[in-house]
Structure formats: C-alpha cells, structure tokens
Amino acid sequence: MQAVVYQGPHDVAIEEVDEPQIEHENDVVIDITTSCICGSDLHMYEGRTSAEEGIVFGHENMGVVTEVGEAVSTLEEGDRIVAPFNVACGFCQNCENGKTGFCTNVNPGFAGGAYGYVAMGPYKGGQAEKLRVPYADFNALKLPEGDEHEDSFALLADIFPTGWHGTRLANLEPGESIAIFGAGPVGLMAAYSADLQGASEIYVVDRVPSRLELAEDHCNATAINFEEADPVEQITDAHGAMVDKGVDAVGYQAIDPETDPTDDAYDPARENPAVVLNQLIQVVRPTGQLGIPGLYVPSDPGAPDEMAAQGRLGIDFGKLFEKGIKLGTGQCNVKSYNRELRDMIISGKADPSWVVSHRVDLDEAPEMYEAFDNREEGVTKVLLEP
C-alpha cells in the first residue's frame with residue numbers, strides 16, 4: 001500500500017509499504033478515508049526529534065473497518081470509525097481513570113502511545129491506505145454510516161479534543177476571559193471550544209493574518225498579532241485588565257516577538273521556547289489558571305541553546321508563584337471528550353470543519369508538508385485522502 005514515509009529533515013515521500021495485518025485478536029484493520037497532517041508532525045518533519053527514517057506518519061485517522069479480530073465484540077466490517085491519536089489499553093490505572101494519553105501498557109518504558117510518532121510505540125501511522133487499530137473495542141469511536149461530516153469527524157482524532165482539553169486544563173468557566181497563544185489548528189480549536197463554553201472575551205495571539213482572521217470569523221475572538229506590538233500589552237489594553245485564563249497552543253518552537261522579523265515564513269533563529277509561557281504568566285490574573293496542550297519535549301536536537309536542548313526552559317517561576325497561578329499540562333486524553341464532541345457535531349451544535357483549508361490526495365502530502373511547515377497564508381489544516 002502507499003504511505004507517507006519520513007526520509008529525513010524536511011523530506012517525506014510516498015512509498016510502498018506492507019499492509020497492516022491483524023496482530024492480536026482485539027485488533028481491527030481499517031481502510032483510511034481521511035488522515036490529517038498535524039502541527040506535531042512538523043516537529044519530526046523538521047528534524048527536531050529523534051525520529052528515524054522510515055516512520056510512517058499519521059496519528060489523526062478515520063476510516064471503515066475491513067478486518068476484525070476474533071476477540072472484538074463491538075465492531076464489525078463496514079463500521080465507520082475515528083481513532084483517538086492515543087493508543088490505549090483501557091484497563092491500566094491511568095486508562096481506568098480516564099487518562100488514556102498516559103496508558104502504561106501500550107508503550108513499555110513510556111506513559112502513552114500514539115500512531116506514527118517517535119517514541120510513542122510500534123504503531124504505524126495512518127497517512128496511508130490502511131491502518132491497524134489495536135484494542136479496537138476501546139479505542140474506536142463509531143460514527144454514523146456514509147460520508148456526512150467527514151471533515152469534522154476527522155478532527156475528533158486530535159485537534160478538536162485537544163483544543164477543548166486546553167480550555168479544561170485551564171478550568172475555563174462560562175463568562176470568563178481567556179487568552180490563547182497560537183492560531184494553528186489546535187489554537188483555533190481552543191478558541192472555538194472557549195466560545196462554545198461561553199467565554200466572555202477570547203484573545204488569540206499569532207502572526208499569520210489568515211489564521212487570525214479565522215479566529216475572528218469563527219470564534220468571536222479578538223486577534224492579536226504579536227509582530228505589531230507586545231501581545232501582553234495589546235491584550236491588557238483591549239481587556240482593561242489581565243485575563244482570567246490562558247492556553248498555550250504553541251509549544252517549544254515559540255517565536256520571540258522581541259527578535260527582528262525576517263523574510264522567512266518561519267525562522268528557527270527567532271525561537272525562544274519559554275516565551276509564550278512567560279507571556280501567559282504575565283497576562284493571566286493572580287489565581288488564574290493556564291492550560292498547556294502545546295508540545296514540549298525532554299530533548300530537542302535543534303534547540304536554540306544547550307539548556308533548551310535538554311528540555312529545560314527559563315520560566316518565570318517566581319512570578320508564577322507570586323501570582324498563585326495554577327497550570328495543567330500534558331497531551332489530550334481524547335476519549336475523555338470525543339464522544340460528546342461527536343454528538344455535538346451530529347446535532348449541529350458544533351461544526352469545526354471551518355478550520356480545514358485543504359483536502360488533497362495522499363500523493364500530494366510532500367508538497368502540503370512543505371507548505372504547512374512554511375506557515376504559508378491560507379494553510380491551516382490539511383486532510384489527506386488515499
């Protein structure tokens with residue numbers, strides 16, 4: 001079958017790989033109908049992880065069941081499903097407590113597993129024609145038959161639940177104000193989630209005009225372009241005070257607005273992995289709360305300094321302590337949210353498909369990776385269709 005295979009930094013290719021097989025009696029195999037390119041994939045694509053050549057990318061996957069293991073009891077051939085990016089067993093202590101992003105059984109020596117991602121276990125990705133889904137009774141979320149809401153349902157694998165997760169880590173309450181740093185797919189979904197949850201004021205910080213326009217048009221948000229002025233000052237001036245809550249949807253490749261802009265769409269020389277966290281500490285009121293779904297890693301081969309290369313950041317912890325700000329971190333436990341979000345889509349209460357900018361054939365993945373990595377105008381969320 002055809003799949004997107006990592007060749008090295010800034011290089012993916014469509015290659016012929018082995019088709020997945022039933023490896024355990026609780027597996028299913030699906031024909032992929034939609035897989036997505038994620039901002040997290042870019043960390044591997046750019047060579048900013050220890051990913052080795054040959055990885056099949058793709059942790060946001062949906063499709064139709066074609067093979068069913070003998071122990072699977074709730075799925076059958078022809079079922080349409082979406083798979084959380086978390087691979088989880090369903091019966092370890094963390095899974096039983098709803099922390100499926102930190103399953104201790106699926107990836108020995110590491111809390112958490114995922115499809116097609118470095119250090120997240122032996123699970124091949126779904127930017128391909130087929131995918132094996134382990135622990136399928138637990139991991140698969142059934143969808144209505146047909147192809148209705150295909151774009152929206154595809155986002156249930158990761159970015160819609162992860163955006164929602166960011167607001168829950170921040171313990172957002174109706175009527176509260178919130179600042180969201182990052183208007184990539186997860187940041188936009190965090191802003192959309194905040195709007196659905198009744199936030200009174202939503203501020204979204206980025207520097208890509210087309211992304212900021214989406215936040216204004218679909219999330220009732222105030223756009224803050226950090227290239228124009230200090231984002232903390234822009235937010236406090238607009239709001240008249242510090243905000244109640246904050247979300248970091250950027251992660252460790254954050255751009256420092258104090259550095260001089262360049263002509264490059266994305267310039268690693270401008271990175272400061274602690275800058276967004278410190279800006280959030282400044283802009284959130286005393287006793288407020290931060291949600292941090294943006295990715296941070298314990299090692300970064302391309303870090304701007306030796307400390308950051310070890311995952312150690314210069315965070316203003318004294319100010320955090322002084323203000324009594326709480327924070328929540330960690331990847332999303334997708335199963336905590338995806339069933340309810342699915343039902344919101346089916347009922348018409350939510351339609352996150354507006355974030356999708358491109359749906360292309362699988363063989364166009366190399367070009368779309370390059371465009372997404374360059375943060376090109378108009379490229380927000382790319383869906384791949386085998």
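Reckoned from all heavy atoms, side chains included, excluding hydrogens, waters and symmetry mates. This structure is a prediction, so every number in the text was calculated from the model and none was measured.
Surrounding NZ of Lys326 are at most 12 heavy atoms belonging to other residues, nucleotides or ligands under 6.0 Å away. Residue Lys335 qualifies as enclosed at atom NZ: its count of foreign heavy atoms under 6.0 Å is above 12. In the displayed structure, Phe317 atom CZ is contacted under 6.0 Å by at most 12 heavy atoms of other residues, nucleotides or ligands. Within 6.0 Å of the CD atom in Glu96, the count of heavy atoms belonging to other residues, nucleotides or ligands exceeds 12.
Through side-chain heavy atoms spaced under 4.5 Å, either directly or across other Ile, Leu, Val, Met, Phe, Trp or Tyr residues, Val334 is tied to Phe85. The hydrophobic cluster containing Met307, built from Ile/Leu/Val/Met/Phe/Trp/Tyr side-chain heavy atoms closer than 4.5 Å, comprises no other residue. Members clustered with Val29: Ile22, by chain and number, using a 4.5 Å side-chain heavy-atom cutoff among hydrophobic residues.
No side-chain donor-acceptor contact under 3.5 Å links Gln127 to the backbone of Leu362.
Partners of Ser210 under the side-chain hydrogen bond (donor to acceptor under 3.5 Å, both in side chains) rule, at least two apart in sequence or in another chain, are Glu377. With sequence neighbours left out, the side-chain hydrogen bond (donor to acceptor under 3.5 Å, both in side chains) criterion links Glu385 to Arg359. Partners of Ser152 by side-chain hydrogen bond (donor to acceptor under 3.5 Å, both in side chains), not counting sequence neighbours, listed by chain and number: Asp351. When the ring-ring contact (aromatic ring centres under 6.0 Å, His included) test is applied to Tyr369, the partners found at least two apart in sequence or on another chain are Tyr45, Phe57. Residues meeting the side chain to side chain contact (heavy atoms under 4.5 Å, CB included) test with Ala154, sequence neighbours left out: Thr34, Cys36, Met62. By the ring-ring contact (aromatic ring centres under 6.0 Å, His included) test, His358 is found to be paired with no residue, residues two or more places apart in sequence or in another chain being considered. Taking the side-chain hydrogen bond (donor to acceptor under 3.5 Å, both in side chains) definition, one finds that Ser347 meets it with nothing, sequence neighbours left out.
Side chains of Tyr337 and His165: a donor on one and an acceptor on the other come within 3.5 Å. Side-chain N/O atoms of Tyr296 and Asp248 include a donor and acceptor closer than 3.5 Å. Side chains of Gln234 and Glu228: a donor-acceptor N/O pair is absent below 3.5 angstrom, by distance only. No side-chain donor-acceptor contact under 3.5 Å links Gln2 and Glu129.
Listed by first and then second residue, the salt bridge (Lys or Arg N to Asp or Glu O under 4.0 Å) pairs that reach into residues 249-258 come to none, sequence neighbours excluded. Residue pairs meeting the salt bridge (Lys or Arg N to Asp or Glu O under 4.0 Å) criterion with at least one partner in residues 4-23, sequence neighbours excluded, are Glu23-Arg132.
Separation of atoms OH (Tyr117) and OG1 (Thr49) is listed at 6.0 Å; rounding is to 0.5 Å.
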Trace of the side-chain contact (heavy atoms from CB on, under 4.5 Å) decision for Thr104 with Gln93: CA-CA 8 Å; Thr104 55; Gln93 182 177 2; over 6 Å; no
Check against salt bridge (Lys or Arg N to Asp or Glu O under 4.0 Å), Arg270 and Glu227: CA-CA 12 Å; Arg270 300 186 66 200; Glu227 298 283 28; 2.9 Å; yes
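Here the options are Asp343, Asp79, Asp137, the test is salt bridge (charged side-chain N to carboxylate O under 4.0 Å, His left out), and the partner is Lys142; only Asp79 passes.
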